[in-house]
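What's counted below: heavy atoms across the whole structure, side chains too, no hydrogens, waters or symmetry copies. First the proteins, then the strands, lettered A, B, ... as listed; each starts at 1.
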Amino acid sequence: MSSSKTLIRTLIKNPTRIKSKSQAKQLHAQFIRTQSLSHTSASIIISIYTNLKLLHEALLLFKTLESPPVLAWKSVIRCFTDQSLFFRALASFVEMRASGRCPDHNVFPSVLKSCTMMTDLRFGESVHGCIVRLGMDCDLYTGNALMNMYAKLLGMSSKISVGKVFDEMPQRTSCDDLKDETCIMPLGMDSVRKVFEVLPRKDVVSYNTIIAGYAQSGMYEDGLRMVREMGTTDLKPDAFTLSTVLPIFSEYVDVIKGKEIHGYAIRKGIDSDVYFGSSLVDMYAKSARIEDSERVFSRLSRRDSISWNSLVAGYVQNGRYNEALRLFRQMVMKKVRPGPVAFSSVIPACAHLATLHLGKQLHGYVLRGGFGSNIFISSALVDMYSKCGNINAARKIFDRMNVHDEVSWTAIIMGYALHGYGHEAVSLFEEMKQQGVKPNHVAFVAVLTACSHVGLVDEAWGYFNSMTKVYGLNHELEHYAAVADLLGRAGKLEEAYEFISKMRVESTGSVWSTLLSSCSVHKNLELAEKVAEKVFAIDSENMGAYVLMCNMYASNGRWKEMAKLRLRMRKKGLRKKPACSWIEVKNKTHGFVSGDRSHPSMDRINEFLDGVMEQMEKEGYVADTSGVLHDVDDEHKRELLFGHSERLAVAFGIINTEPGTTIRVTKNIRICKDCHVAIKYISKITEREIIVRDNSRFHHFNRGNCSCGDYW
DNA sequence: GTAGGGTTAG
């Protein structure tokens, strides 16, 4: 190497010439040996150390400088930012200003990034003031960083910490120009737009930043407008642009536009990008094209935890719960660590499948991973425990949460509603409002469902009307359905019929079939026939309606009508979905199909049922065969009843668990009336708490009673 | 200096 002065001159021009860590250390040693380590040369070495990520060495050398020049300051600030030590980066910036050094345009991108990461908008605004005063608001990199900061911080206004950095700064009085600077900025994306317009030259990053800002604040049309504007310049969309734009089409469920982007990405060779790949998997899944998601996922050259989770979440969104769990397991086996988002995606799969043991396992993972206080996960857990039949565990998690939002409130309210504790649900709804949390559409579905399950007609009307009058929410199909259900259950069948006929949204087969089942409960065959025609007019293949009508004809002895209806079913190729129930015993799920005697424990089950039957009859049980739709004699009907899947599952549970263990059974269709009576007796005779989840709610059987109060 | 996946209902 030539003389130190020449070396310095060469390095100032191109400090990246030093490529290895040992080279940098050698250079440093050489300067010390020749006693030529001036302020300038030290700064250059600091900057070289920073480039090579030698944080410790850079800081040590920095500390030896009495009055560090700008180059040294900016290296150190960048160093801290790169190492995610954002507070220290900002503290250094304040110290630098206090020492009278004037920052150059290389300093601000790091400083602004630190403000963004510290979520301190006030500090960021004062830095912006500083930038304007130094005339650096036209600098491309600085402007891009400013846009990013405003987009992130103004978009999350409820979560930002105002002036946190200043308050913690020990020497804050020595930096007056920062402290007093307050920019009065317009809110939200307007600030970003303003910065964007000031920039004399824009690059791809400028466009990407503003597009992402619009996309993340839900201003999709403005985002897409910027993409078009970008097209009129000679700047071309890159991987960043595309992975920002695709989620807009997921939101719009516009698979045509999404596919166009996919095609463009293939032509540009961007389709293998991990970020873009995850957006693509998500876009196809949200457009109900899960096979396309699978195809994209299988072709990804590299997969990180987000790309895995995009497909897991996609499966859940499309109701493919077992596949979601399978993929999640596969991901863990491949040593890809699931983050908090992965848990909040996969836990709902357990909720839908009612697999308590898997849900509990995931809960364990969550706690070990330190995600116990994540509000998304906690809400999902509340829902999972309640759907798996354990409302007490759900309540415990709810009570331990630090903050409750409308989603967590709704989860617990819906939980109580489904378990038949309608009054508790209604009072929680009131508590939510009291605490200033505004109920949304789903919260109203929950509270109306609660009213419906316990027959709170007046309260339900109050809530239904308050939606539009107090909260400015539209009535959606689900709200109409809940009220119609409520009227029907309460026996106000004609009123319910009128209500559905006058709904302001298009009715569906399911709304009418809810009323149909009320007609069946209240034995109103005449109205049922009218309602059934409504159902078939909308949905001619509605199995539930066929079965209900067949049942009603059967219980009225109208075998001819029943046969006609069955013929109609057969012509359409419809087959009755077999009733099945399942139960978890020792972490294994056992399924039972009505009338199927193939389970290996069948002999023991029958032996148990025969024994318990004797006692039941002593206590006054009489088989209610009215629900059996077969045209056979009563003795045969009784036998058919005893083969019902829920009864088999309950019996299996009792003979395979310790005395006193709670029995949890899940059934795919509504629990049968006679089984409901029988299980009440069984709970009393065996002294067991038995919880049956059917397709609409939970029944807690205890000491001969059921939580539904026989109102379901 | 820029990007992707999440909770409640149906």
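You'll find that the side chain of Asp282(A) is closest to dG5(B), out of dG5(B), dA3(B), dA9(B). Considering only side-chain atoms of Ile377(A), the nucleotide from dG5(B), dG6(B), dG10(B) that sits closest is dG6(B). Among the nucleotides dG4(B), dT7(B), dA3(B), the one closest to any side-chain atom of Pro247(A) is dG4(B). When each of dG5(B), dA3(B), dG10(B) is scored by its nearest atom to the side-chain atoms of Glu478(A), the top-ranked nucleotide is dG10(B). Minimum atom distance to the side chain of Ser344(A) is reached by dT7(B), of the listed dG10(B), dT7(B), dG4(B). The listed nucleotides are dG4(B), dT8(B), dG6(B); the one nearest the side chain of Val407(A) is dT8(B). Taking only side-chain atoms of Ser305(A), from C-beta outward, the nucleotide of dG5(B), dG10(B), dG4(B) with the closest atom is dG5(B). For Val341(A), the side-chain atoms get nearest to dG5(B) when compared with the rest of dG4(B), dT2(B), dG5(B).
With sequence neighbours left out, Phe80(A) forms a ring-ring contact (aromatic ring centres under 6.0 Å, His included) with no residue at all. Remark: Tyr315(A) engages no residue in a ring-ring contact (aromatic ring centres under 6.0 Å, His included) (not counting sequence neighbours). Partners of Thr142(A) according to the side chain to side chain donor-acceptor pair (under 3.5 Å) rule, which considers only residues two or more places apart in sequence or in another chain, are Asp139(A). Remark: Met136(A) pairs with His105(A), Phe108(A), Ile131(A), Leu134(A) by the side chain to side chain contact (heavy atoms under 4.5 Å, CB included) rule, at least two apart or across chains.
Looking at heavy-atom distances under 4.0 Å, Pro348(A) makes contact with sugar-phosphate atoms alone, never a base. Nucleic acid contact for Val274(A): base, since at least one base atom lies under 4.0 Å from a heavy atom of the residue. Residue-level contact check: Ser310(A) touches the backbone only, with heavy atoms under 4.0 Å from sugar-phosphate atoms and none from bases. Note on Val445(A): only backbone sugar-phosphate atoms sit closer than 4.0 angstrom, heavy atoms only; bases stay farther off.
Contacts between residues 236-243 of chain A and DNA chain B, defined by a heavy-atom separation under 4.0 Å, are made by Ala239(A), Phe240(A), Ser243(A).
With respect to the salt-bridge test (charged N to carboxylate O, under 4.0 angstrom), the residues Lys194(A) and Glu197(A) do not qualify. A salt bridge is absent between Arg295(A) and Glu291(A): the closest approach of a Lys/Arg side-chain nitrogen to an acidic carboxylate oxygen does not fall below 4.0 angstrom.
At whole-Å resolution of the value, CE in Met230(A) and P in dT2(B) are 16 Å apart. At whole-Å resolution of the value, NE2 in His363(A) and P in dT7(B) are 18 Å apart. Atom CD1 in Ile306(A) sits roughly 6 Å away from atom C1' in dG5(B) (whole-Å rounding). Atom-to-atom, CZ of Phe398(A) to P of dT8(B) comes out at 15 Å; the value is rounded to the nearest Å. In this structure, Met414(A) atom CE and dT7(B) atom P are separated by 16 Å, rounded to whole Å. Atom CG of Asn309(A) and atom C1' of dG4(B) are 11 Å apart (whole Å). Spacing between atom CZ of Phe196(A) and atom P of dT2(B) amounts to 16 Å, rounded to whole angstrom units. Between Tyr150(A) atom OH and dT2(B) atom P the separation is 16 Å, expressed in whole Å.
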What donor-acceptor contacts under 3.5 angstrom involve side-chain atoms of residues 392-401 of chain A, with partners at least two apart or in another chain?
{"from": "Arg395(A)", "atom 1": "NE", "to": "Asp399(A)", "atom 2": "OD1", "distance (Å)": "3.1"}
{"from": "Arg395(A)", "atom 1": "NE", "to": "Asp399(A)", "atom 2": "OD2", "distance (Å)": "3.4"}
{"from": "Arg395(A)", "atom 1": "NH1", "to": "Tyr416(A)", "atom 2": "OH", "distance (Å)": "3.1"}
{"from": "Arg395(A)", "atom 1": "NH1", "to": "Glu424(A)", "atom 2": "OE2", "distance (Å)": "3.2"}

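Under 3.5 Å, the side chain of Asp304(A) and the base of dG4(B) form at least one donor-acceptor pair of N or O atoms. If you check distances only, the side chain of Ser278(A) does reach the base of dG4(B) with a donor-acceptor pair under 3.5 Å. If you check distances only, the side chain of Asp273(A) never reaches the base of dG4(B) with a donor-acceptor pair under 3.5 Å.
Here Gln317(A) does not reach the OP1 or OP2 of dG5(B): none of its side-chain N or O atoms lies under 4.0 Å away. For the pair Lys387(A) and dT7(B), the criterion of a side-chain N or O lying under 4.0 Å from OP1 or OP2 is not met. Between Asn208(A) and dA3(B), a side-chain N or O to OP1/OP2 separation shorter than 4.0 Å is absent. In this model, the phosphate group of dA3(B) is approached by a side-chain N or O of Lys152(A) to a distance below 4.0 Å at OP1 or OP2.
In summary, of the residues considered (Asn51(A), Thr50(A), Asn106(A)), a side-chain hydrogen bond (donor to acceptor under 3.5 Å, both in side chains) with Arg78(A) occurs for Asn51(A) alone.
Between atom CD of residue Glu251(A) and atom NZ of residue Lys286(A) there is a gap of 7.5 Å, rounded to the nearest 0.5 Å.
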